[in-house]
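Please read the structure below before turning to the comments.
First listed ligand is number 1; within each ligand, the first listed atom is number 1.
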Amino acid sequence: MSESAFLAVDNNPEDLAVLASALTSRYAAEYEIYTASSGTEARATLAMLSQAGRTVALLIVSREIRDQDPLFLLQQAREFFPNVRRVVSARYLDPSAFDFVTTAMRTGRTDYFLYKPCEPVVARLYPIVDDLLGALRRVRQERGFEAVRIIAERWNPRSHRIRDILERSTIPFGFYDSDSEEGRQILAKVGVDGTRLPVVCIHYGIVLVDPTNEELAVALGVKIKPDPGLYDVAIVGAGPAGLAASVYGASEGLRTVLFDRETIGGQAGTSSRIENYLGFPRGISGGELARKAFEQAWRFGVSLVFTKEATGLRSNGARIIATLSDGTEVESRTFVIATGVSYRRLEVPSLERFAEVGVFYGAAMSEAPACTGEEVVIVGAGNSAGQAAVHLSRFASRVTMVVRGESLAASMSDYLIRQIAVTPKIDVRLGTSVVDGHGDRHLEAVTVESANGKHETLRTHGLFVLVGGTPHTQWLADVMEMDSKGYILTGRDVLRSARAPNRWSLEREPYFLETSMPGVFAAGDARCRSVKRVASAVGEGATAIQLVHEYLRAG
Ligand SMILES: Cc1cc2nc3c(=O)[nH]c(=O)nc-3n(C[C@H](O)[C@H](O)[C@H](O)COP(=O)(O)OP(=O)(O)OC[C@H]3O[C@@H](n4cnc5c(N)ncnc54)[C@H](O)[C@@H]3O)c2cc1C
């Protein structure tokens with residue numbers, strides 16, 4: 001018997017039979033298919049499966065069921081099964097269905113919709129189910145195969161970093177507490193005593209003890225040194241802007257190298273679900289988007305180098321040279337700087353010692369399952385904080401959002417505000433801030449202060465901090481013009497800059513995305529005036545390559 005199930009709910013027996021038969025013919029090997037002809041029956045089935053310790057991966061509810069509000073049923077299903085994907089079905093071209101479905105999706109009570117009849121099923125049913133289950137199916141399938149096994153104490157910060165990198169690189173891994181029977185068994189099997197943790201076992205036999213990122217990358221077959229010789233374009237940062245630049249550069253015949261100090265995806269890689277990127281109506285996880293872009297770059301022949309940070313940049317005639325953290329130099333005719341931003345730290349000294357042992361900067365997707373049944377706190381009011389709240393509410397028993405301002409509307413997209421409003425587990429505390437942290441080996445509670453000075457201590461398993469960014473441009477401070485916050489100036493802004501040291505030196509004006517260093521372009525969040533979104537970062541990455549061509553043509 002399969003551990004996981006689908007439940008289809010429809011009061012029309014013919015529609016229900018057609019749907020159940022289509023689901024059975026494609027998914028029965030992996031999922032058990034249940035049906036219910038009313039909301040009451042559906043609720044009883046959900047309760048029965050939950051009590052039996054099974055999971056429901058997919059729930060499809062007809063909007064025409066009469067005995068219960070279909071939206072309420074969809075909402076209840078999440079309480080039983082935090083990860084269930086929910087679909088509402090409606091009759092094709094039913095004029096009243098449109099508003100219903102729109103409301104259900106906007107308020108986050110359904111993940112998507114189906115029109116009945118959903119025929120041909122290969123075009124109108126299976127792609128939707130496959131897309132919705134994508135990440136979930138991979139997790140299930142990967143549970144059988146773990147390319148990497150990490151054995152460490154639950155609160156080992158280094159193990160958190162490694163899990164985070166593997167999660168963002170979409171490498172299937174398993175984590176085993178070194179105090180658990182399974183953890184001890186793995187250590188004994190590989191012949192390591194576990195006095196130094198984490199221990200990382202790669203599936204083909206390599207065992208690493210407390211490895212550096214580079215040692216891990218080498219063991220995973222990742223390139224950590226660029227090929228020698230002159231590149232046409234070198235791209236720093238493998239977030240959406242850098243990945244897009246690399247795909248366009250290599251696909252247009254430029255000798256292209258892309259390097260990142262960690263892995264692929266940048267900030268986007270930490271997003272649980274990007275819902276506003278064009279072409280993905282059912283949303284896509286940032287990791288999945290990054291993995292697809294990475295494969296595209298690889299296919300076009302981009303030289304991809306990871307675990308190397310760029311630490312310096314200089315010009316030498318027509319060549320531009322970057323120094324990497326290990327002293328290696330990369331020479332290229334042009335550069336694209338796509339180094340993005342990262343979250344600012346909370347200036348609360350007592351929280352510093354809990355970094356990665358309870359305090360996480362960014363969404364920390366890899367931590368979400370560990371928050372199952374626990375209380376968590378999120379600081380921030382932007383889209384990333386909203387997404388993290390919705391994602392973590394699937395695991396945690398309670399999510400408290402600590403928001404300094406008096407409303408979410410100023411900084412968060414409407415669709416997320418609505419999803420938060422209909423998620424009872426999320427509690428939004430406006431006009432508050434975190435002022436203290438408590439715990440022994442890991443964070444156990446935080447103190448929050450409200451606008452009237454009142455203090456309250458909240459028990460928490462994790463504090464996720466998503467408050468505004470600082471650009472990764474310090475390494476360029478002496479060589480190019482930036483604004484007062486460190487965002488790189490490009491195009492005409494370079495000419496308007498009041499600072500003298502790195503002023504534009506050529507007769508021609510700088511190209512649109514060109515920095516004050518001729519031949520060096522900036523794209524994405526690190527650029528002054530950029531729109532901080534995936535689509536705009538991708539657009540700027542692609543545009544930068546067009547400008548690289550113009551620069552190279554002009555000689
Ligand atoms: C949790 C979260 C959710 C989000 N959700 C959405 C969303 O739903 N929709 C949306 O449109 N936007 C969303 N965003 C914003 C979006 O992800 C960013 O706007 C986008 O990732 C910016 O891309 P980028 O390539 O400019 O920079 P980044 O994504 O920040 O990538 C920069 C890369 O450069 C690397 N790097 C930095 N310095 C160096 C160096 N010196 N040497 C080598 N490498 C370096 C970093 O390791 C990183 O990989 C979200 C952001 C977060 C954090």
Side-chain angles (χ1 to χ4, degrees), residues 164-165 168-169 213 226 234-246 257-278 280 283-287 289-290 293-294 304-313 322-326 330 335-344 360-365 368 378 380 382-392 412-413 415-416 419 464-477 486-488 513 522-527 530-542 544:
D164 187 47
I165 289 174
R168 288 194 282 133
S169 312
N213 286 357
I235 299 150
V236 191
L243 283 163
S246 74
V257 61
L258 168 68
F259 49 96
D260 197 288
R261 59 186 184 176
E262 284 193 332
T263 181
I264 47 169
Q267 296 166 74
T270 68
S271 168
S272 49
R273 202 162 177 80
I274 296 171
E275 299 198 43
N276 55 2
Y277 187 56
L278 194 71
F280 293 91
I284 182 164
S285 81
L289 186 66
F294 169 80
L304 298 145
V305 179
F306 293 102
T307 73
K308 287 291 171 296
E309 178 162 4
T311 54
L313 196 68
T323 311
L324 305 187
S325 38
D326 63 352
V330 179
F335 266 77
V336 176
I337 309 297
T339 47
V341 305
S342 59
Y343 285 101
R344 277 200 300 274
F360 304 103
Y361 290 87
M365 290 263 293
I378 295 174
N383 278 359
S384 50
Q387 277 178 17
V390 171
H391 183 63
L392 285 164
M412 195 182 287
S413 294
Y415 80 92
L416 280 167
Q419 286 186 20
F464 295 85
V465 182
L466 298 110
V467 286
T470 310
H472 297 136
T473 55
Q474 302 81 343
W475 61 288
L476 296 165
Y487 288 93
I488 301 171
L513 298 177
D525 282 13
R527 191 180 75 81
S530 63
V531 178
K532 310 294 186 261
R533 290 283 184 272
V534 175
S536 41
V538 167
E540 289 193 6

**Asked** Can you tell which part of Gln387 has a heavy atom less than 4.0 Å from ligand 1: side chain, backbone, both or neither?
**Response** side chain

**Asked** For ligand 1, which atoms have a heavy atom of Gly340 less than 4.0 angstrom away?
**Response** 27 (O), 28 (P), 30 (O), 32 (C)

**Request:** With heavy atoms of Trp475 as the reference, note each atom of ligand 1 found under 4.0 Å away.
**Result:** 41 (N)

**Item:** Atom pair OG1 (Thr311) and CG (Asp326), whose distance is rounded to the nearest 0.5 Å
**Value:** 8.5 Å

**NE2-CZ distance between His472 and Arg261, expressed to the nearest 0.5 angstrom** = 4.0 Å

**Asked** Under 3.5 Å, is there a donor-acceptor pair between the side chain of Glu275 and the main chain of Gly283?
**Response** no

**Prompt:** Against heavy atoms of Tyr343, which atoms of ligand 1 measure under 4.0 Å?
**Reply:** 52 (C), 53 (C)

**Request:** Decide whether an N or O pair under 3.5 Å exists between Ala310 and ligand 1.
**Result:** yes

**Message:** Heavy atoms only: which of Ser384, Ala238, Gly239 lies closest to atom 1 (C) of ligand 1?
**Reply:** Ser384

**Nearest atoms (heavy-atom pairs only) where Leu416 meets Gly386** = CD2-C, 4.0 Å

**Request:** Would you check if the side chain of Ser271 reaches a backbone N or O of Gly286 as a donor-acceptor pair within less than 3.5 Å?
**Result:** no

**Prompt:** To the nearest 0.5 Å, what is the distance between CD1 (Ile378) and NE2 (His391)?
**Reply:** 10.0 Å

**Item:** N/O separation below 3.5 Å, Thr270 to ligand 1
**Value:** no

**Fill in**
For Asn276, the atoms of ligand 1 under 4.0 Å from one of its heavy atoms are 7 (C), 8 (O), 9 (N), 10 (C), 11 (O)

**Message:** For Asp260, state whether at least one heavy atom is located under 4.0 Å from any atom of ligand 1.
**Reply:** yes

**Prompt:** Where the side chain of Asn383 meets the backbone of Met412, is there a donor-acceptor pair that is under 3.5 Å apart?
**Reply:** no

**Asked** Considering only heavy atoms of Gly524, which atoms of ligand 1 have at least one such atom less than 4.0 Å away?
**Response** 26 (O)

**Asked** Can a non-hydrogen atom of Lys308 be found less than 4.0 Å from any atom of ligand 1?
**Response** yes

**Item:** Contact atoms of ligand 1, heavy-atom distance to Ala241 under 4.0 Å
**Value:** 25 (O), 26 (O)

**Complete:** For His472, the atoms of ligand 1 under 4.0 Å from one of its heavy atoms are 37 (C), 38 (N)

**Item:** Test of proximity, Glu275 against ligand 1: N or O pairs below 3.5 Å
**Value:** no

**Item:** Ser536 side chain vs Val531 backbone, donor-acceptor pair below 3.5 Å
**Value:** yes

**Request:** Could you verify whether a donor N or O on one side chain and an acceptor N or O on the other, from Tyr487 and Ser530, lie under 3.5 Å apart?
**Result:** no

**Asked** Does ligand 1 have a heavy atom under 4.0 Å from the side chain of Asp525, from its backbone, from both, or from neither?
**Response** both

**Message:** Using modelled atom types and a 3.5 Å cut-off, is there a donor and acceptor pairing between side-chain atoms of Asp260 and backbone atoms of Ala238?
**Reply:** yes

**Enumerated ligand 1 atoms positioned under 4.0 Å from heavy atoms of Val341** = 30 (O)

**Message:** Does ligand 1 come near enough to Arg261 that some N or O of the ligand is less than 3.5 Å from an N or O of the residue?
**Reply:** yes

**Request:** May I ask you to check if ligand 1 and Arg273 share an N or O to N or O distance below 3.5 Å?
**Result:** no

**Message:** Using a plain distance cutoff, I'd like to know if Gln267 has any nitrogen or oxygen under 3.5 Å from a nitrogen or oxygen of ligand 1.
**Reply:** yes

**Request:** Measure centre to centre between the rings of Phe360 and Phe464, then say whether the value is under 6.0 Å.
**Result:** yes

**Request:** Look only at the side chain of Thr470 and the backbone of Arg344, and say whether a donor-acceptor pair between them is shorter than 3.5 Å.
**Result:** no

**Asked** Which one of Gly266, Gly269, Pro240, Gly237 has a non-hydrogen atom at the shortest distance from atom 24 (P) of ligand 1?
**Response** Pro240

